[in-house]
**Q** 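Can you keep this structure in mind? I'll have questions shortly.
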Amino acid sequence: MIVDVAIPVRVSNSFHYTIDDESGKSLSRGSVVAVPFGSRTAYGFVLGFPENSDVDNSKLKSVKEVLVSEPLFDESMYLFLKWVSDYYCHPLGEVIATAIPKPLWAPKKSPRQKGKSQSGTLSHSSSILTQHELNQTQKQAVDSILNSDETKPFLLHGVTGSGKTEVYMHVLSSVIEEGKTGIILVPEIALTPQLTQRFSARFPNLIAVLHSDLTPKERNQQWELITKGVAKIVIGARSAIFAPLKNLGVIVVDEEHETSFKQEDSLRYNARDLAVVRAKLHKAKVILGSATPSVETYQNALSGKYNHLKLPERVNRRPMPQTYFIDLKDKNQWFSPENRWLSRGLVSAIENTLNQGQQVMLYLNRLGFAHFLFCGDCGHTWRCKNCDVSLTYYQNPPLLKCHYCGVQKKVPHTCENCSGVHLETMGLGTEQVEKSLKSIFPKARISRMDRGVIKGKKDLEKILDQINQRQVDIVIGTQMVTKGHDFPGIALVGILLADASLNLPDFRANERTFQIITQVAGRAGRAEVPGEVYIQTIHPEHPVLLSASRYQQDEFYRTELAARKVFQFPPFHRAVMLRFQHSQPAKVESFAYQVVRILQKESEKNFPHCQILGPAEAPISKLKKMYRWQCLIKSDSVKELQTLLKLLFDWEKQQKSPVQMAADVDPVNLL
Ligand code: ADP
Ligand code: ZN
């Protein structure tokens, strides 16, 4: 008997092995076998049983051992995994290995342990049990979702605090009542403990939680709850899109615009896009929820590919916060010559808010004390030896850190270049903001919420609690504060440098800025007190900042879509970023050029809809000791793009180049 086996390696084809009829009969698609592969033994996933092989049967090697005979995926999951493999040009064996927890297919000793499953109870506080009567617009949204027969995706476009989560829960209730199941994808589960708690309070004992912080054992337990049919609802970060639920009724993607749905290594998939694909395969409903939809999703709603449901108002008609701009170019606005990043206007707004017993949130997306350290004599800056980016300066404790690879160094007293002693810092970080505010508001209780101080789930829960209990007056935070938290006491939000994200070399810089400003502003005035937002900027007339601050969303999307069309960027053109890396810069460069020559020749001949840009050194040209180059392919024909990529990877296989080449389909990060 011949078995067709996918092996988790970078090679894209599957392999044929022989097996005796007796053992062969115990196998089906999805079984796991141990097979000889080169000089080693590899795990392999059974894909099928071909009648014959193009290789002479007597030359085929035979399966060494059956590891798991019971299939790890069913037919519909197989179709999904196959789709993922084709679309992302990634070997099926590696896709399967990414989708299914390793201990299930790579058992330590004996084959898969069956046995005691832990019950899936989660602890939760009872304060979140409150069930709300839906308001009119929420009800309409739920009805449209439940009453539609077609499986067109829904964009649930609701302003911050408009009650989207309540809509998800009502839809889920009725899906569960029908005996079906659901997946809730959230950007980063550790950042949203409140959401998980709300769901597990509403659906006790029906929930499994999947995310990357689980130990292998916990992950197994959760997986088993799902395969046994105990858990009907899976809440998780991006990998939960592969949860083996049977009878799937709905997939929700909360905060669908978030970039963390995209995996940035190995299998570079976007769980938001896969949600739409999997829902279609299973004839399930899919809801993409956001206050600031991605430009791609918005365009799909405009074109009628998705249904566009709007929740234009906050629950109980709470007003959106009032916004004010402060021009940081205006010297008269500076609070002091040392604190040019802080305006008198914002300081007095903070004062007023504190006097009224309300809370303040300040946003700056920069960790550390300062952006970098430099020598005042020779201008030398300290950079990471592995990554060629500047090291961030921390004051307490004093350290230089690389945000890409984590390398840390003691802060030097003298310049390593000229031995000068006048070392200075440049750029603003959250640590410095904290220090200055402590001296301006000595009585205020000030906390920071960023990856420098929040190391895990415990730290996060603690600070969220403190904010909610009003044990903190001023919170200074990075991106972390934008993640959908519901803080009733925050009356004032200050955005310290609104321009920081506008100048990134990324075609999504405007979109990101619009989303960040809208999301941060949305933290203000969620309860009784009306909110205020102060936006400090050097471009108070910038159209993106204006439309965000005036809640003119249509205006923003219209302008942005027009620009994307002109420059032939997504959503109008598909993009694939080819990424090359190697430890020797000359090798990467010459291989990248070789690939581009081939692509150009091919596209001129056979792929007129494909455009090849580059190659170019990546903006982060060295990462973790590897030199990086890239090449962007754009096309308005998905089909041509896919065919060209297949061709390229077939060619690459023949080359046996030591340079790593990977395709990033629908890239999110261009650096
Ligand atoms: P979103 O997900 O859109 O930010 P949530 O669903 O978290 O909004 O709702 C915001 C707040 O309003 C929550 O505290 C929630 O409990 C409350 N809420 C939601 N729907 C209603 C409703 N119909 N009536 C009263 N309060 C509601
Ligand atoms: Zn580094």
Side-chain angles (χ1 to χ4, degrees), residues 124-146 154-174 182 184-189 191-203 233 235 250-258 272 287-294 297 308-321 359 361 464-465 467-470 480-491 493 515-531 533 551 553:
H124 52 73
S125 55
S126 54
S127 62
I128 22 197
L129 263 168
T130 37
Q131 185 150 358
H132 299 284
E133 179 117 1
L134 294 182
N135 63 29
Q136 199 55 33
T137 42
Q138 286 173 314
K139 217 178 274 157
Q140 277 167 3
V142 171
D143 287 348
S144 339
I145 296 168
L146 291 178
F154 290 90
L155 163 59
L156 182 61
H157 186 180
V159 298
T160 50
S162 58
K164 295 184 288 296
T165 312
E166 285 295 324
V167 171
Y168 308 149
M169 292 201 284
H170 275 77
V171 171
L172 204 54
S173 278
S174 99
I184 317 292
L185 294 181
V186 295
E188 277 164 90
I189 204 149
L191 294 183
T192 45
Q194 288 173 332
L195 187 101
T196 315
Q197 286 168 359
R198 268 167 85 180
F199 274 91
S200 38
R202 190 73 66 87
F203 302 99
I233 300 170
I235 300 185
V250 66
I251 306 179
V252 172
V253 185
D254 188 34
E255 309 289 352
E256 69 88 30
H257 63 280
E258 285 275 352
R272 188 258 328 270
I287 309 172
L288 310 180
S290 177
T292 51
S294 62
T297 298
H308 198 167
L309 301 175
K310 293 180 188 171
L311 303 179
E313 283 187 8
R314 288 182 158 185
V315 293
N316 299 334
R317 302 251 152 98
R318 279 166 208 143
M320 297 305 285
Q359 293 167 296
M361 176 172 280
L464 293 179
D465 255 9
I467 300 172
N468 281 320
Q469 312 273 334
R470 307 214 180 196
M480 209 180 250
V481 302
T482 65
K483 309 282 173 184
H485 303 296
D486 200 6
F487 302 122
I490 304 278
V493 164
Q515 287 162 341
I516 290 170
I517 305 267
T518 311
Q519 295 285 348
V520 181
R523 299 311 117 205
R526 290 174 70 98
E528 305 75 41
V529 284
V533 180
Y551 309 107
Q553 293 217 338

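When a residue number appears, it is its place in the shown sequence, counting from 1. Whatever order the structure lists ligands and atoms in, that order sets their numbers, starting from 1. As the structure is a computational prediction, the values presented were derived from the model and not from experiment.
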**Q** Would you call Glu255 and Arg272 a salt bridge, using N to O less than 4.0 angstrom?
**A** no
**Q** Using a plain distance cutoff, I'd like to know if Arg318 has any nitrogen or oxygen under 3.5 Å from a nitrogen or oxygen of ligand 1.
**A** no
**Q** With heavy-atom distances below 4.0 Å as the criterion, list the atoms of ligand 1 near Asn135.
**A** 23 (N)
**Q** Do you know the tightest heavy-atom contact between Gln138 and Val315?
**A** NE2-CG1, 4.1 Å
**Q** How does Thr165 reach ligand 1, by side chain, by backbone, by both or by neither, if only non-hydrogen atoms under 4.0 Å count?
**A** both
**Q** Judged by non-hydrogen atoms, does Gly158 sit under 4.0 Å from ligand 1?
**A** no
**Q** What atoms in ligand 1 come closer than 4.0 Å to a heavy atom of Glu133?
**A** 22 (C), 23 (N), 24 (N)
**Q** Are the side chain of Arg318 and the backbone of Pro530 linked by a donor-acceptor contact shorter than 3.5 Å?
**A** no
**Q** Which is closest to atom 9 (O) of ligand 1 in terms of heavy atoms, Pro488, Gly163, Ser290?
**A** Gly163
**Q** Using the ring-ring contact (aromatic ring centres under 6.0 Å, His included) criterion, which residues pair with Phe487? Sequence neighbours excluded.
**A** His485
**Q** Identify the two heavy atoms, one from Val533 and one from Ala521, that lie closest to each other, and give their separation to 0.1 Å.
**A** CG2-CB, 3.7 Å
**Q** Can you name the residues that form a salt bridge (Lys or Arg N to Asp or Glu O under 4.0 Å) with Glu188, not counting sequence neighbours?
**A** Arg451, Lys483
**Q** Kindly confirm or rule out an N or O of Val315 lying under 3.5 angstrom from an N or O of ligand 1.
**A** no
**Q** Any non-hydrogen atom of Arg314 lying under 4.0 Å from ligand 1?
**A** no
**Q** Taking all atoms of both residues into account, what is the closest heavy-atom pair of Glu313 and Ser162, and its distance?
**A** O-CB, 3.2 Å
**Q** Nearest non-hydrogen contact with atom 17 (C) of ligand 1 belongs to which option: Met169, Arg198, His132, Glu255?
**A** His132
